[in-house]
Every structure is written in C-alpha cells, then in structure tokens.
Amino acid sequence: MKKWLITILVLLILCVTALVLLVNMRFPVRYMDIIEANAGEIDPTWILGVIHAESSFRPGVESHAGAQGLMQLMPTTAEWVAELMGKEDFDPETIWLPEVNIAMGSFYLNWLKRYYDGDLTLAITAYNAGLGRVNRWLADTEFSSDGMTLDTIPFNETANYLERVTRNQRIYEWILRLRGRLGL
C-alpha cells in the first residue's frame with residue numbers, strides 16, 4: 001500500500017476518534033440504567049436531554065433559584081412529587097442522589113405529559129417555567145390561539161430551554177443509535 005494512503009487512513013482514524021471523544025465529553029451518556037427504569041412513557045433520550053440542559057450531568061449542582069440535583073428539582077416540587085409517588089417518608093436530602101433525582105424528575109415529566117394530554121413540548125415547557133405559568137400562557141390568546149398549544153413562549157429563558165432540550169434529545173438519539181449499531 002502506498003505510504004500516502006496509509007497516512008490518510010491513520011489521519012482519518014485519528015479524526016474520527018477525536019470526534020467520538022469530543023462528543024462523549026460534551027454529551028455524556030450516564031445513569032442509563034436509572035433513566036430506563038424510570039422513563040415511563042417518555043423516550044429516555046428526552047430525559048438525557050433534560051438532564052444535560054439542567055445540570056450537565058453534575059449531581060451536586062444547585063441553581064441560583066435553589067433547584068437541586070441532576071434534573072434540578074425545586075425542594076417544594078420534590079415534596080409534591082414525593083406525595084404523588086406515594087413516598088410517605090421522603091427525606092429531602094435524598095434529592096441529591098442520582099437514583100432519587102432521576103426517578104422523581106422522570107415521574108414529574110411523565111405526570112406533566114399526561115396532564116397536557118401527551119404533549120411533550122408543553123410538558124418540557126412546564127418543567128422549566130412551571131405549570132401555573134404555562135396554563136396562564138395557554139389561556140392567553142396572545143400566546144395561544146387554540147388554548148391547547150403555545151404559539152409563542154413569552155420567556156426567552158424557557159424558549160431557549162425548550163430548544164436546548166430538543167437539540168440535546170436529537171443528539172442523544174443519534175448517539176444511542178450509533179452505539180447500538182456499533183454494539184457498544
């Protein structure tokens with residue numbers, strides 16, 4: 001084989017390896033066993049997308065507003081979700097544990113999806129902005145022409161959040177599909 005062809009092949013392999021490493025660093029796939037066990041009716045790639053947008057997979061992170069853990073649950077939301085889940089002896093300190101945070105965040109996201117008749121876009125929007133706000137936006141003809149979908153999200157932070165989660169979900173879908181094809 002010609003020396004230049006071998007050089008090109010080696011460079012190509014190095015570039016592909018570097019790309020894979022960069023994607024894995026930027027979009028880690030962690031906690032899949034916990035996510036799959038708790039995903040419910042939601043594709044696990046959406047939960048990966050939410051976790052990436054919320055905490056970048058750092059379990060000990062707390063937002064300036066006080067949201068905690070991988071899926072950034074507010075303490076009052078965590079208490080309410082614990083009630084919905086039938087956890088009578090919920091210890092708020094356990095929200096920092098990945099298995100508890102993912103279970104509760106996934107449960108809440110599934111609850112929101114059911115609340116909004118299967119509309120995952122509204123569920124993710126409410127996950128970020130809050131149920132009350134989204135309901136007010138749906139009732140306002142300035143933001144919703146039909147009362148069931150949002151034509152406009154009035155908070156830039158929430159609109160950007162929805163875009164990030166959606167982008168993350170697509171990337172994770174691609175990553176998992178590629179891993180499945182490669183048998184990883």
Side-chain angles (χ1 to χ4, degrees), residues 12-61 63 65 67-74 77 81 98-99 101-131 133-134 137-138 143-146 148-184:
L12 183 62
I13 290 169
L14 288 173
C15 286
V16 168
T17 303
L19 179 63
V20 168
L21 288 172
L22 285 172
V23 168
N24 282 332
M25 284 174 41
R26 178 73 174 98
F27 293 91
V29 178
R30 298 187 187 132
Y31 310 109
M32 277 308 291
D33 54 336
I34 301 169
I35 291 168
E36 288 174 340
N38 292 283
E41 299 293 316
I42 296 176
D43 186 300
T45 58
W46 284 102
I47 296 170
L48 286 164
V50 167
I51 293 171
H52 189 280
E54 291 287 355
S55 68
S56 296
F57 288 87
R58 295 172 295 152
V61 72
S63 76
Q68 301 170 336
L70 289 167
M71 294 189 75
Q72 289 291 279
L73 294 166
M74 292 297 289
T77 303
V81 169
E99 59 273 16
N101 197 281
I102 292 170
M104 295 182 81
S106 298
F107 182 92
Y108 182 44
L109 202 50
N110 273 281
W111 185 91
L112 288 167
K113 184 181 175 195
R114 284 189 303 277
Y115 180 87
Y116 288 113
D117 295 322
D119 190 325
L120 189 56
T121 298
L122 287 176
I124 290 169
T125 302
Y127 192 91
N128 177 261
L131 186 64
R133 276 196 189 108
V134 172
W137 296 340
L138 287 170
F143 308 121
S144 176
S145 55
D146 62 5
M148 299 175 71
T149 56
L150 289 174
D151 304 323
T152 304
I153 298 173
F155 286 5
N156 284 337
E157 177 188 331
T158 300
N160 292 336
Y161 175 82
L162 180 60
E163 282 181 32
R164 275 194 329 275
V165 170
T166 302
R167 180 204 67 215
N168 294 345
Q169 184 275 334
R170 288 183 187 135
I171 292 169
Y172 279 113
E173 190 174 54
W174 176 81
I175 289 169
L176 293 183
R177 192 176 312 129
L178 185 60
R179 283 183 173 190
R181 285 189 184 144
L182 296 176
L184 300 174

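No experiment lies behind these values; they were computed from the predicted model shown.
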Just so I know, are the side chains of [X] and [Y] near enough to count as touching, which here means a heavy-atom distance under 4.5 Å?
X      : Y      : value
Asp119 : Asp117 : no
Val134 : Tyr116 : yes
Ile51  : Ile35  : yes
Thr45  : Trp174 : no

Shortest non-hydrogen separation from [X] to [Y] and the atoms involved:
X      : Y      : result
Leu176 : Met32  : CD1-CE, 4.1 Å
Val61  : Ser55  : CG1-CB, 3.4 Å
Asp151 : Ser145 : OD2-N, 2.7 Å
Arg30  : Leu48  : O-CD2, 4.1 Å
Gln72  : Glu54  : CB-OE1, 3.1 Å
Asn168 : Ala53  : ND2-N, 3.5 Å

* To do: Keeping the roles fixed (side chain from Tyr172, backbone from Pro28), state whether a donor-acceptor pair exists under 3.5 Å.
  => yes
The side-chain contact (heavy atoms from CB on, under 4.5 Å) partners of Thr152 (sequence neighbours excluded) come to Phe143
My understanding is that only residues two or more places apart in sequence, or in another chain, count here; which of them pass side-chain contact (heavy atoms from CB on, under 4.5 Å) with Ser56?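 Partners of Ser56 under the side-chain contact (heavy atoms from CB on, under 4.5 Å) test: Arg58.
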### Lys113 and Leu109: CA distance, side-chain angles, deciding distance, side-chain contact (heavy atoms from CB on, under 4.5 Å) verdict
CA-CA 6 Å; Lys113 184 181 175 195; Leu109 202 50; over 6 Å; no
**Study point:** Candidate pair Phe155 and Asn128, rule side-chain contact (heavy atoms from CB on, under 4.5 Å), full reasoning
**Key:** CA-CA 10 Å; Phe155 286 5; Asn128 177 261; over 6 Å; no
**Item:** Test of ring centre spacing under 6.0 Å for Phe107 and Trp111
**Value:** no
Which of Thr149, Leu112, Leu138 passes side-chain contact (heavy atoms from CB on, under 4.5 Å) with Leu122? It is Leu138
- Query: Any idea how Phe57 and His52 line up, ring-wise: parallel (<30°), tilted (30 to 60°), or perpendicular (>60°)?
  - Reply: perpendicular
Value for CD1 (Ile153) from OG1 (Thr158), rounded to nearest 0.5 Å, stands at 7.0 Å
- Run the salt-bridge test on Glu173 and Arg177 with the 4.0 Å N-O cut-off and return the result as yes or no. yes
Quick one: ring-ring contact (aromatic ring centres under 6.0 Å, His included) partners of Tyr108, sequence neighbours excluded?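 ring-ring contact (aromatic ring centres under 6.0 Å, His included) check on Tyr108 returns Trp80, Tyr127.
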